[in-house]
Amino acid sequence: MQEFLQYLFSGITNGAIYAVIALGFSTLYSATDLINFAQGEFVMLGALLLMTLWTQVSMPLWAAFPLAVLLVAAVGMVFDRVAIKTVKKPSPILLVLITVGASILFRGGAMLLWGKHSYSVPAFSSISAVEIGGAYLFPQSLWILGVVLVLVAGLNLFYHRTLTGKAMQAVAINKQAAELLGVASRKMTLLAWGLAAGLGAVAGVIISPITMSAYDMGTMLGLKGFCAAMLGGLGNFWGAVVGGVLLGLTEAMGVGYVSSSLKDAIAFLLLLLILYAKPTGILGKASSHRF
Amino acid sequence: MQEAGSKTIVAGLLLALLALGLVLVPVAAAEDTIKIGGIFAVTGRASFLGDPEKKSMELFAEMVNAAGGIDGMKVETVIYDTEADPTKAVSFANRLINQDKVVAIVGPSTTPTSMAVIPIVEKAKIPFISCAAGNKITNPVKPYVFKTAQSDVLAVKSIYVYMEKHGIKKVGILCVDNGFGQSGREQLKEQASAHGITVVADETFGAKDTDMVSQLTKIRGAKPDAIICWGTNPGPAIVAKNAQVMKIGIPLYMSHGVASPKFIELAGDAAEGIILPAGPIAVADLLPEGNPQKPVLLDYIKRFNEKYGSGVSGFGGYAWDGMKILDRAIPGTGQDKKKIRDNIENIKGLVGVSGTFNFSPEEHNGLGDDSFVMVRIQNGTWALVD
Amino acid sequence: MADKKERSGSPGQEPPEPVPAGATPRRAGLGQRLLPYAGYLVVTAGLCAYGLWADNYYYTQLLTFIGIHTLLAVGLNMVMGYAGQISLGHAAFFGLGAYTTGALTVHLSWPPLAALPAALAVPALVAFIVGMPTLKLHGYYLGMGTLGFGMIIHILFREWTALTGGPNGLVGIPVLSAGPVSLAGGKTYLFLVWGAVLLSFGMCSRIVHSRVGRALSAIHFSEQAAAAVGVDTMRAKLEVFVFSAALAALAGFLYAHMVTFISPSSFSFLVSIRIVAMVVIGGMASIWGSLFGAGLLTLLPEWLHVFSEYEVMIYGLVLVVVMIFFPQGLTRGVLDAYERARRRKTGAGPSA
């Protein structure tokens with residue numbers, strides 16, 4: 001029981017991180033029909049920027065956190081304007097390669113800026129771990145869960161209660177129709193890039209006290225977040241959350257009860273399973289139209 | 001016909017471009033220098049090895065040149081970045097041998113890249129000093145292949161000897177799933193019984209994993225007397241932090257892969273009490289006066305930090321020692337590769353950063369048990385234990 | 001929110017360019033049909049001659065790598081360029097070919113040539129089994145399916161230590177020999193590899209101009225339409241997928257016996273991406289493009305070396321810039337420029 005609880009805590013914590021990264025993928029995909037292979041690099045940028053602002057510039061956490069996120073969001077928007085918008089005839093292969101190229105570019109840049117070694121940041125609060133049934137819940141896990149809940153609630157409000165959010169949804173559903181109704185779809189695309197990059201940065205910020213931040217931390221996190229997004233249903237808001245948590249839990253339980261050497265394979269096995277069984281994802285509507 | 005015609009033109013153009021491309025691959029100017037090649041994982045996932053290695057190699061060449069060079073000739077280093085990719089390592093090794101015409105090669109940083117390069121250097125008969133730890137690089141012995149990094153065999157032996165002395169019978173091991181972890185894992189399992197130790201849990205983690213709580217939980221369930229974590233930064237620092245938060249209460253041992261101040265910086269107070277085998281460089285200050293290695297180590301540390309500020313580690317020492325060996329072997333050979341090789345094989349008692357080298361036709365690593373000391377992390381620094 | 005979307009077809013459905021010119025069903029004269037083959041022969045012979053003339057083992061070996069990469073690129077081009085199906089896991093077949101021959105020759109001491117059929121058959125069979133469910137997917141979903149497959153195979157290479165040697169790789173793969181004749185020499189191997197490339201060019205060219213090739217172009221243009229006119233789309237896609245896997249496996253076989261050492265990092269996700277980049281940068285649906293793309297991306301790191309630490313960034317930048325400004329690949333870009341220049345010279349017709 002003690003072990004099960006420990007796996008559960010670890011799984012939910014990692015799952016929450018995957019969920020935030022998956023939300024980034026989904027936000028962008030639903031608005032622009034694009035899968036951003038550089039999403040993991042936004043996570044890395046968020047983590048490293050927080051490290052710089054918080055521990056090197058000595059900003060207070062409450063200022064460093066949002067500033068790091070905003071800076072990465074700006075990077076995302078600039079990338080949209082400079083690279084993605086300039087593509088005349090975007091096809092998936094082309095966009096995959098451009099974003100992969102961009103991820104190499106970001107990684108190379110981060111390596112020059114921050115060097116090749118890892119950095120660690122302290123936990124957000126220095127309280128000791130909570131013991132439940134012999135298992136320990138990391139204080140940072142509470143932070144992660146809290147931030148994720150606030151994010152999910154906030155995004156929900158944004159999509160359903162604000163005009164901009166509704167406009168973004170309209171673009172996601174039908175771009176031409178939305179434009180006819182006076183929604184500036186290009187602005188919405190830009191906003192979606194900012195939002196997606198910002199979400200990646202949030203994931204990087206909240207995970208950095210648990211793990212170590214380095215210029216090459218993003219690739220695997222990006223791929224895992226991507227598997228989570230697929231699992232729940234690409235472009236589906238709640239799907240990203242469900243997929244993330246499910247992936248985190250499966251990984252933790254897999255390590256605990258099967259073998260730790262297959263940990264990385266779990267995400268991709270789940271990915272293949274869902275693609276073969278129901279490509280729209282767990283929460284996606286079965287649709288013959290798009291497949 | 002038009003389409004076919006233009007296609008032929010394009011084909012010709014491409015051919016010309018490719019040929020031109022090959023010619024354009026820059027050739028280092030032939031001067032009256034002694035050229036030594038370096039291939040390190042300067043960037044990519046093994047850059048923690050390759051970066052200090054490249055710096056140390058350049059530093060050594062500078063030092064030699066300031067003192068007049070070898071046989072009155074300047075030493076010139078030609079260094080390429082493998083990014084830990086075996087294909088690139090092969091390509092650059094060929095480039096060093098056939099294009100740059102170096103007399104010897106130092107590096108690569110990792111075991112796979114070293115293994116990939118060995119057939120080439122053996123065929124070209126060019127002295128090659130690997131900076132990777134893998135035991136199979138020099139075992140069996142190959143005529144032109146040497147290495148300066150301590151073998152995992154010795155690191156594991158040091159830990160187990162220490163454990164045997166302190167009555168530890170059951171260990172749980174947690175190794176990173178790359179080459180470094182694989183070699184360590186093999187040795188940990190192989191040598192355990194000789195020291196009366198049983199491996200009760202055997203787990204791995206990914207080099208980029210974000211937490212190792214599940215693995216630690218599983219190992220704790222097997223109730224070992226000690227946990228040995230085999231990896232290089234940052235993974236083991238995460239393990240240390242996780243174990244601290246989980247109040248795991250089992251002594252933690254680590255490998256020489258984290259024997260650098262960087263680890264203590266990353267793990268913070270979670271590093272307290274961890275015991276590990278370290279190359280003498282980590283504890284240079286603590287070595288007794290009169291220890292032959294002490295001045296060598298302090299000199300290397302001083303020079304490295306003067307030039308690069310920080311980041312000195314035992315890893316850079318591998319390339320430093322490689323250059324030191326060549327500096328001893330090349331003079332008087334007229335750059336004859338066979339003679340250089342023979343000279344290396346005859347080197348005895350050369351004190352380097354990683355230990356004292358004694359080469360022989362049967363031993364191409366040449367380091368003895370003194371290349372590791374057991375240390376404990378105390379108050380944010382190293383303390384010798386026995 | 002996304003499930004409310006009403007979109008026709010996934011983004012993968014849009015053909016990036018019109019049906020390749022070579023695929024026109026019009027019967028050409030014999031000379032004209034043989035012309036491309038002659039071109040392949042001339043170029044291959046030219047590259048080999050260059051290798052001979054240069055008399056530098058480093059050049060020989062670079063050219064050999066270019067040949068191996070060309071095999072990978074031309075195979076993937078059949079799937080991506082001609083049939084319009086994304087594959088982000090091609091390094092898996094490359095690796096399966098290499099590891100099959102590696103395991104057979106190292107563990108069971110088979111002679112390399114005896115291992116060749118198995119090294120081709122195993123990856124082809126895997127491609128067939130994996131292709132059946134995977135090729136039902138489209139666009140990004142197909143890309144992700146192949147990506148997931150590639151990652152799993154890569155993890156298998158790393159974790160199945162008994163067979164693959166684990167992360168530290170498989171040591172001691174023998175060099176190729178035909179009876180008493182060793183093919184290990186740099187130049188002999190160069191000829192062998194480019195002979196294989198020539199063969200693959202011939203086969204690809206035949207397929208493109210055959211019934212299957214036209215079926216593939218039809219699928220690329222619109223899969224529904226192709227199915228409507230009676231093309232067995234699934235079968236055509238599966239056939240070309242298996243063919244391309246076999247070519248990648250051949251490349252893997254040649255790589256393994258050239259380097260005589262293999263490790264998982266040579267078959268990672270980034271290698272898959274690099275093969276895709278060779279196809280796209282060279283030019284989709286163009287055999288010449290694959291050669292050019294493979295050559296360029298093999299030589300690029302050799303040139304970029306001078307930038308040292310900036311190399312990584314510049315590599316990424318090159319990828320992004322080429323994709324933005326030459327979305328059809330560099331070969332098409334050069335062809336277009338030539339066409340424009342020719343038109344301007346003759347003054348006929350409006351410039352494109």
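Below, each value reflects all heavy atoms present in this structure, side chains not excepted, and no hydrogens, waters or symmetry copies. A note on names: the letters A, B, ... follow the listed sequences, proteins ahead of strands, and every chain is numbered from 1.
- Between chain C and the residues A/Ser261, A/Ala267, A/Cys227, the most heavy-atom pairs under 4.5 angstrom are made by A/Ser261.
- Among A/Ala265, A/Ala102, A/Gly239, A/Gly101, the residue making the largest number of heavy-atom pairs under 4.5 Å with chain C is A/Gly101.
- When each of A/Val87, A/Val100, A/Leu94, A/Leu95 is checked for a side chain to side chain contact (heavy atoms under 4.5 Å, CB included) with C/Met323, only A/Leu94 meets the rule.
- Shown here for A/Gly109 and C/Met313, the closest heavy-atom pair between the two residues is N-CG, 3.3 Å.
- Interface remark: C/Ile155 contributes side-chain atoms only to the contact with chain A (heavy atom separation under 4.5 Å).
- In this structure, CG on A/Leu275 lies 8.0 Å from OG1 on C/Thr134, to the nearest 0.5 angstrom.
- No more than 12 heavy atoms of other residues, nucleotides or ligands lie within 6.0 Å of OH in C/Tyr310, so this atom counts as exposed by the packing criterion.
- In this structure, the portions of C/Val130 lying under 4.5 Å from any heavy atom of chain A include both its backbone and its side chain.
- Annotation for C/Phe128: atom CZ does not count as buried by contact number, only 12 or fewer foreign heavy atoms lying within 6.0 Å.
- Only the side chain of A/Leu271 has a heavy atom closer than 4.5 Å to any heavy atom of chain C.
- Counting non-hydrogen atoms of other residues, nucleotides and ligands closer than 6.0 Å to CG of A/Leu180 gives a total above 12.
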- So C/Leu147 and A/Phe37, side-chain contact (heavy atoms from CB on, under 4.5 Å) or not? Walk me through it. CA-CA 12 Å; C/Leu147 183 153; A/Phe37 273 81; 3.6 Å; yes

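- For C/Glu309, the parts sitting under 4.5 Å from any heavy atom of chain A are the backbone and the side chain alike.
- Distance check, rounded to the nearest 0.5 Å: CD1 of C/Ile324 to CG of A/Leu97 gives 12.0 Å.
- In this structure, CE on C/Met151 lies 11.5 Å from CG on A/Leu269, to the nearest 0.5 angstrom.
- Between A/Tyr29 and C/Tyr141, the ring planes lie perpendicular to each other; the angle is over 60°, past the 30° to 60° tilted range.
- Between C/Ile86 and A/Pro92, the shortest heavy-atom contact is CD1-CB, 3.7 Å.
- Interatomic distance, C/Leu137 CG to A/Tyr276 OH, rounded to the nearest 0.5 Å: 7.5 Å.
- To the nearest 0.5 Å, the span separating CG on A/Leu223 from CZ on C/Phe269 amounts to 5.5 Å.
- Distance CG/A/Leu105 to CG/C/Leu319: 10.0 Å, rounded to 0.5 Å.
- Most heavy-atom pairs under 4.5 Å with chain A: of the set C/Arg158, C/Met144, C/His154, C/Glu311, this distinction falls to C/Met144.
- When heavy atoms are compared at a cutoff of 4.5 Å, C/Leu142 does not approach chain A at all.
- When A/Ile98, A/Thr86, A/Ile35 are compared by the number of non-hydrogen pairs under 4.5 Å with chain C, A/Ile35 comes out ahead.
- Partner of C/Tyr140 under the side chain to side chain contact (heavy atoms under 4.5 Å, CB included) criterion, chosen from A/Asp33, A/Ile93, A/Leu34: A/Leu34.
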